[in-house]
There are 2 protein chains.
Amino acid sequence: MGGTRSTDATRPTARTTARAEGRTGERRRVPTIHDVARVAGVSRGTVSRFLNGGHHVSAEAAEAVRSAIHSTGYVVNRHARSLITGRSGSVAFLLTEPQERFFEDPNFNVLLRGCTRALAEHDIPLLLMIAGTPEEQLRITRYIGAGHVDGVLLVSSHTGDPVAGQLAEAGIPVVACGKPAIGAGGAVPGAHVAADDREGARVMVRHLLDTGRRRIATVAGPQDTPGGVDRLLGYREVLAASGVPADEGLIAIGDYSRDSGERAVTELLARRPDLDAVFVASDLMARGALAALERAGRRVPEDVAVGGFDDSPAAVGSRPELTTIRQPWARISTEMVRVLMGRMAGEEPSAVILPTELVVRDSA
Amino acid sequence: MGGTRSTDATRPTARTTARAEGRTGERRRVPTIHDVARVAGVSRGTVSRFLNGGHHVSAEAAEAVRSAIHSTGYVVNRHARSLITGRSGSVAFLLTEPQERFFEDPNFNVLLRGCTRALAEHDIPLLLMIAGTPEEQLRITRYIGAGHVDGVLLVSSHTGDPVAGQLAEAGIPVVACGKPAIGAGGAVPGAHVAADDREGARVMVRHLLDTGRRRIATVAGPQDTPGGVDRLLGYREVLAASGVPADEGLIAIGDYSRDSGERAVTELLARRPDLDAVFVASDLMARGALAALERAGRRVPEDVAVGGFDDSPAAVGSRPELTTIRQPWARISTEMVRVLMGRMAGEEPSAVILPTELVVRDSA
DNA sequence: CTGAAAGCGCTTACAG
DNA sequence: CTGAAAGCGCTTACAG
């Protein structure tokens, strides 16, 4: 804002208001649709029609409006528009992560930036919201439920997140990043976009097998996250198919943190000293695995091959650099926005599973 | 939204509209101030007064409204409010960084999260905006200039950013992260919050001196950024004060990237093989420095001490772990929001310089 | 302290 | 194709 609204002689009932006056004393008046109409010599309705697709507007009228918009510097007042259309014209990027793990995850940046960009192309601002605590969740679901946002890009790694359900119940289009948990009651899964975790894990374990490894351990992710479950599943599948006997002693569970990877591999080494490879379900945990192996005097990849997952910056900062599975974060964000726009236009929820890619570096 | 607005018998002119009806067919009606007024048995004006501070509202009326809000589940329609107050009730977090370096910087996460949180406490949503290209800058300054946002948290590391000036000119309260460039023409510096780069550099160089180093080199940051300039300044000051002869051959310039740090130290080593310490103006560059030193067969810290800057996650992922200067990112975000709220309330621009902290680890 | 009324800037049937 | 008019949900002087 930052302007003084002056009495407009052409509007008999207009009154003088001095609100939103700039601190610095400038008195710029933000032009309205009314100004554009006056300059263009048409009615406000015509300007509005021009603004909303230009249907039922003659070529001359359109041109007059176009030039009037240019000369006045008109920008639509979204509040007025939203008030009548009932749509806010904005979308929320909602993070429901108590541990705030995502903020430590470099991939999160890529995702957030990608969504911001993709939305900007539709001229839709992104509202960043963090609902870590139950109070914040309540406040935010109320806010969103009141229609202050047309759709939600939901990021939460853990299952049992009540927010997704509440939002869906309130009729808000939602698309989640990552596979949602399959509710015990068989709740319909919402729209989501995810990397193909299972196939990614398969590819990595096959790579380990192909390079001659036979005693392949794994550090799986938390088993209350779909990603954690799927990557372990992929591991089991390939081993089963390869005829290598299943060995539960080669499986350890981490929580995606570096430390948990270090602990898990230390355990694994104690249980199965003869392991010659380990598929670690995240790069961060793989960093911990590298540390544990070094401490144990094992060379990587000579003695033990290490395969990570994510292809996060952590993958290249290590020594040796990590062979890993790249998650298509840029595409995930693009697809999330695309699916959300579809939902907002009335399409049914859909799931998009994106392929991952094996990145071979030094560790395996 | 997500509801059908039905004809309201108490409002003679109300019409039936079916807009914003949920895709799933539910027909929930979002309660308005009118519903609250009816339930509470007061006028809409009274409800509004209650909502806006409760002045001129009797205790009984207040109580009736409070309970009516609760029972109806009323949430204010911000668009309607904004339309009349001329304030949007939201704030932009604006990134004007062509290189998008900030998105690779883990500190950026902390900053963004901190600002989101601090704003949420005031019940103000944060709009994330990225203006990397000139076109995006134009679109965004128009958007902001039209009053769609009450204030801007500006993040841009480079000088000569035209956005800050345009925003200020449009009368939008702005507070920048980091010291703005001192314009050649002596433009008044805007509100900003920054770490004390110069003192941080001084502390590090003193630490190097105190631990017996005498041939202290530096890899400075880009000299078109205030941080780059100030950290080099601090380095020079301490050396000058210590009586160590100034040696321009000990000074190299990087661009904050890992590679540039590696290059710079390689150069430095060629020019001054007898250097026994290097103050590197960012942890990322320091990582590169470590690599260059290792390649050159110098032990850290025995042969050469390395001091970083930032205390980013890069500082602990290295071997040896980096001794560095911690930037108070959490406080920076809190202060940015505090100063911005002040600006929005009409206060004059102010600058906040926050202290840094020496974190001693293994590299120096 | 409180109600009735005007009006914020826009969109959208409704008649031409 | 186009204008006049109603109305979105709220706030705010203005009278009581």
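In what follows, every chain begins at residue 1, and chains take the letters A, B, ... in the order their sequences are listed.
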Taking atom NE2 of His122(B) as the centre, report whether more than 12 heavy atoms of other residues, nucleotides or ligands fall under 6.0 Å from it. yes
Output the rounded distance in Å from CG (Leu83(B)) to P (dT11(C)). 12 Å
Assuming nearest nucleotide by heavy-atom distance, tell me which of Ala62(B) and Ala80(B) is located more 5' along DNA chain C. Ala62(B)
On the 0 to 90° scale, with breaks at 30° and 60°, tag the His148(B)-Tyr143(B) ring pair as parallel, tilted or perpendicular. tilted
If only side-chain N and O atoms of Asn77(B) are considered, is one of them under 4.0 Å from the OP1 or OP2 phosphate oxygen of dC10(D)? no
Proximal nucleotide (of dT2(C), dT2(D), dT11(D)) relative to the Ala61(B) side chain: dT2(C)
Tell me the interatomic distance from Ile33(B), atom CD1, to dG7(C), atom C1', rounded to whole angstroms. 15 Å
Need one value for Phe50(A): base, sugar-phosphate or nothing, where a base atom within 4.0 Å counts as base even if backbone is also close, heavy atoms only. nothing
Under 4.0 Å between any heavy atoms, over every strand shown, what does Thr46(B) touch: base, sugar-phosphate, or nothing? Just pick one. sugar-phosphate
Let me know the distance between CZ of Arg81(A) and C1' of dG9(C), rounded to the nearest Å. 11 Å
Using OP1 and OP2 only, check whether a side-chain N or O of Ser48(B) sits under 4.0 Å from dT11(D). yes
Once you round it to whole Å, what is the distance between C1' of dC1(D) and CD of Glu60(A)? 10 Å
Does the salt bridge (charged side-chain N to carboxylate O under 4.0 Å, His left out) test come out yes or no for Asp123(A) and Arg78(A), once each step is laid out? CA-CA 12 Å; Asp123(A) 209 33; Arg78(A) 294 196 179 212; 3.0 Å; yes
Taken to the nearest whole Å, CZ/Arg78(B) to P/dG9(C) is 21 Å
Is any side-chain heavy atom of Asn52(B) closer than 4.5 Å to one of Arg81(B)? yes
Taking a pair as Watson-Crick (N1 to N3 plus N6-O4 or O6-N4) or G-U wobble (N1-O2 and O6-N3), both under 3.5 Å, which stems of 3 or more consecutive pairs involve DNA chain C? C:1-3 with D:14-16, C:5-12 with D:5-12, C:14-16 with D:1-3
Please state how far atom CZ in Arg49(B) lies from atom C1' in dC14(D), giving the value in whole angstrom units. 11 Å
Check whether any side-chain nitrogen or oxygen of Ser58(B) sits under 4.0 Å from OP1 or OP2 of dC1(C), and answer yes or no. no
Beyond-backbone contact of Val36(A) with Pro31(A), side-chain heavy atoms, under 4.5 angstrom: no
His70(B) atom NE2, neighbour heavy-atom count above 12 within 6.0 Å: no
Could you name each residue pair satisfying ring-ring contact (aromatic ring centres under 6.0 Å, His included) that touches residues 331-352 of chain A, not counting sequence neighbours? none
Just the rounded figure in Å: distance from C1' of dC10(C) to CD1 of Ile84(B). 14 Å
Where the side chain of Val42(B) is defined as all heavy atoms beyond and including C-beta, which of dC8(C), dT11(C), dG3(C) is the nearest nucleotide? dG3(C)
Proximity to the side chain of Tyr74(A) - top-ranked nucleotide from dT2(D), dT2(C), dC10(C): dC10(C)
Among dG3(C), dT12(C), dT12(D), which nucleotide has an atom closest to any side-chain atom of Ser43(B)? dG3(C)
Could you list the donor-acceptor pairs under 3.5 angstrom formed between side-chain atoms of residues 331-341 of chain A and any protein atom two or more places apart in sequence or on another chain?
unit_1: Ser333(A); atom_1: OG; unit_2: Trp329(A); atom_2: O; d: 3.4
unit_1: Ser333(A); atom_1: OG; unit_2: Ala330(A); atom_2: O; d: 2.7
unit_1: Thr334(A); atom_1: OG1; unit_2: Ala330(A); atom_2: O; d: 2.9
unit_1: Glu335(A); atom_1: OE1; unit_2: Arg338(A); atom_2: NE; d: 3.2
unit_1: Glu335(A); atom_1: OE1; unit_2: Arg338(A); atom_2: NH2; d: 2.7
unit_1: Glu335(A); atom_1: OE2; unit_2: Arg338(A); atom_2: NE; d: 3.4

C1' gap between dT12(C) and dG16(C), integer Å: 16 Å
For His79(B) and dC10(D), give me the distance from atom NE2 to atom C1', rounded to whole Å. 12 Å
